[in-house]
Q: 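Attaching a single structure in structure tokens format; questions to follow.
Order of the sequence lines sets the chain letters (A, B, ...), proteins ahead of strands, with each chain counted from 1.
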Number of protein chains: 2
Amino acid sequence: MRLTVHDIARVANVSQATVSKVLNNYSGVKESTRKKVTDAIEELKFTPDSVARSMVTNKTNTLGLIVGDISNPFFAESAKIIIGKAQEKGYDVIISNTDHDDENLENAIQTLISKRVDGIIISSISRSSMRIKKLHENGFPIVLYNSRVEGDSSNSVVLDNYRGAVLAVDHLVGLGHQNIAFIAGPTKYLTTYERYLGYREALEKHGLVLNTDHVYDGEYDYRKVYDFSYNLLSSPDRPTSFFATSDQMALAVMDAAASRKISIPQELSVVGFDNMSISANAYIGLTTVSQQKENMAELALKKLISLIEKTESDALSIQLSLKPELIVRKTTSAPNKK
Amino acid sequence: MRLTVHDIARVANVSQATVSKVLNNYSGVKESTRKKVTDAIEELKFTPDSVARSMVTNKTNTLGLIVGDISNPFFAESAKIIIGKAQEKGYDVIISNTDHDDENLENAIQTLISKRVDGIIISSISRSSMRIKKLHENGFPIVLYNSRVEGDSSNSVVLDNYRGAVLAVDHLVGLGHQNIAFIAGPTKYLTTYERYLGYREALEKHGLVLNTDHVYDGEYDYRKVYDFSYNLLSSPDRPTSFFATSDQMALAVMDAAASRKISIPQELSVVGFDNMSISANAYIGLTTVSQQKENMAELALKKLISLIEKTESDALSIQLSLKPELIVRKTTSAPNKK
DNA sequence: AATGTTATAGAATACGTATTCGAAACAATT
DNA sequence: AATTGTTTCGAATACGTATTCTATAACATT
């Protein structure tokens, strides 16, 4: 049995409207009656019903966050920042996990909207999604995080993925590597696709030829990447280095290498992408391209809030590209001379 | 400008009530009119407003999940399971991150309840919390995950933490270790407290004395645990092994060992707790006590749903304790003989 | 004291849906 | 044709709050 404003009104001996006014800090209410009301609220420990409130204000103070896989530390760490900043601004966040499935994403958007969330941050969306364009045209507050859709001008915050991949390849080539395998991940994502382009063109720049047998462009599945790497490491044309498009997948590569008793970095160099916090662990020490998730997450959230609260001219949407940074640790070195 | 049932009613040439009835699959509506309505819904792409719906049904189909730190893989992986299962049952979940702060937790509960979530799973709560008792007495659907409150009989799903700690110590002693440091974590949590008891009594059982200088009972802070370990590893009475109450903290220990150029497991054995998925990585290979998060998370969610939907006699609440399992990998071995 | 002015409180309404209950339409039975 | 029984539909209402607009009380001014 919930308490309502009417209960407070009765106890404070005022009308329901007045209670509502003190709840919302209206100016036109005498100090003495305000006190009567706050006392009653205090005494009965009343908290207003957000649902009813949303009903009339048309605001839920709830955001949606759609991620491909919340158990991936990159997403989890991003989510933590987003949740924290959202909380500061008075918003809660509903997290939807899509398992990188487009239909799940579609449904997630649907239910979030029917729940009237005030805005959505989407972090894993195919570069060809039609849905986003429509939402964007409708003026629904939406920000893409670490992803972007081709031909769409929705607000987005991403890393300069192309540059990031180039940095990684430059680093490996600089160390003397000529045979660089690539764990691309699903190229349906624009981010991974851009990294792929970066990889390809960086190879070209250095006069190296692309060997598609050395490129994995399947799902972000630990086991599959492990198997791919294991097999490749058993082949006669074994690469001297791997560049993986996510730290998690880099770990899968390292896992496979460990199983094959191939030591890192002496016999194999590995570069990741994300710089998830565990990668900094001295015991792991993964060389990686930093996503700057703190900045990205904060920027994405701020942008979303400003769209919702219309604190800035939302006429033009912004596509932010942050500068990547290569963090060299201990999984890369010059290859063995033969 | 949202569509409402009234718009559908107008187009289908029926009353609003009828539209509502077909939306909720009422029996008493003729097939022909049902079709008129569904056609209109189809045509206008109408989706009912969940907020208004919640207003009258008193259900939000939303759950709250309160965690201490979503970036901790144990929580993130648990959250993934909970979110997935919830989605299957038609629920979304709002995640609150407390940073292990009691006041934040208090606020999180407050706002979740004012948002009328149908139930809450709490995963990090002090063993002395008064708040939970009240909620439980009020009959609010709540399940404690990986935590429990002293003197409270709320529904809970935990590991047998005491046994888990004993398993770890037994393993280390069995290998020949006599000097076992302990990273306890905050003992305000019943789970960590129980692990502490397990550690203490297992030592006693083996005739070893407890050295409080070798016990860390501060926050779950990577840096602090790193420093503690680093210092301890520099002391003359350096332990031959560490038992950490979380895999993340075990990694901090390993990190410190790596910095001190102490090799694992030759010079130092480390046992964790949680079995987060990355611990299985061959490159890391952390020996640990498995939390069985898949089971725990699924059980917790099922219990919560059944509380909400009253599918079972909720008269008696259940305190589930799962059996822990020690997973031996490559961070433990016999200590060096002097 | 009468008038005008302002500060304050409350009545009424809206938000979008679910649900009850009575009315109407129809079918079946005599 | 009259009666009864059965479907089917819609009017009315409730959910808990915010907000507008009007009425009144309080006060100031002359």
Q: Does any part of the side chain of B:Asn24, heavy atoms only, come nearer than 4.5 Å to the side chain of B:Arg53, both counted from C-beta?
A: yes
Q: Looking across every strand, which nucleic acid part, if any, lies under 4.0 Å from A:Val14 by heavy atom: base, sugar-phosphate, or nothing?
A: sugar-phosphate
Q: Rounding to 10°, can you tell me the angle the first-five-pair axis of the helix from C:dA1-D:dT30 to C:dT30-D:dA1 makes with its last-five-pair axis?
A: 50°
Q: If you round to the nearest 0.5 Å, how far is OH of A:Tyr91 from NZ of A:Lys59?
A: 2.5 Å
Q: Is B:Lys35 salt-bridged to B:Glu31, going by a charged N under 4.0 Å from an acidic O?
A: no
Q: With nearest nucleotide decided by heavy atoms, which residue, B:Gln16 or A:Tyr26, maps closer to the 5′ end of DNA chain D?
A: B:Gln16
Q: Rounding to an integer number of Å, can you tell me how far A:Glu31 CD sits from C:dA9 P?
A: 11 Å
Q: Out of curiosity, B:Lys302 NZ to B:Leu304 CG, how far, rounded to the nearest 0.5 Å?
A: 13.5 Å
Q: What I'd like to find out is whether the side chain of B:Ser96 reaches to under 4.5 Å of the side chain of B:Leu112, using heavy atoms alone.
A: yes
Q: Between which nucleotides of DNA chain D, 5' to 3', does chain B make heavy-atom contacts below 4.0 Å?
A: D:dT8 to D:dG16
Q: Whole angstroms only, please: what is the NZ-P distance between B:Lys21 and C:dT19?
A: 11 Å
Q: So B:Ser20, base contact, sugar-phosphate only, or nothing? Heavy-atom distance under 4.0 Å.
A: base
Q: Looking at B:Arg10 and B:Asp7, is any side-chain nitrogen of the basic one under 4.0 Å from a carboxylate oxygen of the acidic one?
A: yes
Q: Can you label the angle between the A:Phe75 ring and the A:His100 ring as parallel, tilted or perpendicular, going by 30° and 60°?
A: tilted
Q: Name the nucleic acid region contacted by A:Asn58, choosing base, sugar-phosphate or nothing; use a 4.0 angstrom heavy-atom cut-off, strictly under.
A: nothing
Q: Please round to the nearest 0.5 Å and tell me the distance separating atom CD1 of A:Ile132 and atom OG of A:Ser154.
A: 6.0 Å
Q: Between CD1 of B:Ile109 and CZ of B:Phe140, what distance do you get to the nearest 0.5 Å?
A: 9.0 Å
Q: Base, sugar-phosphate alone, or nothing: which one does A:Arg34 contact when heavy atoms must sit under 4.0 Å apart?
A: nothing
Q: Looking for any heavy atom pair under 4.0 Å, which part of the strands does B:Thr33 touch: base, sugar-phosphate only, or nothing?
A: sugar-phosphate
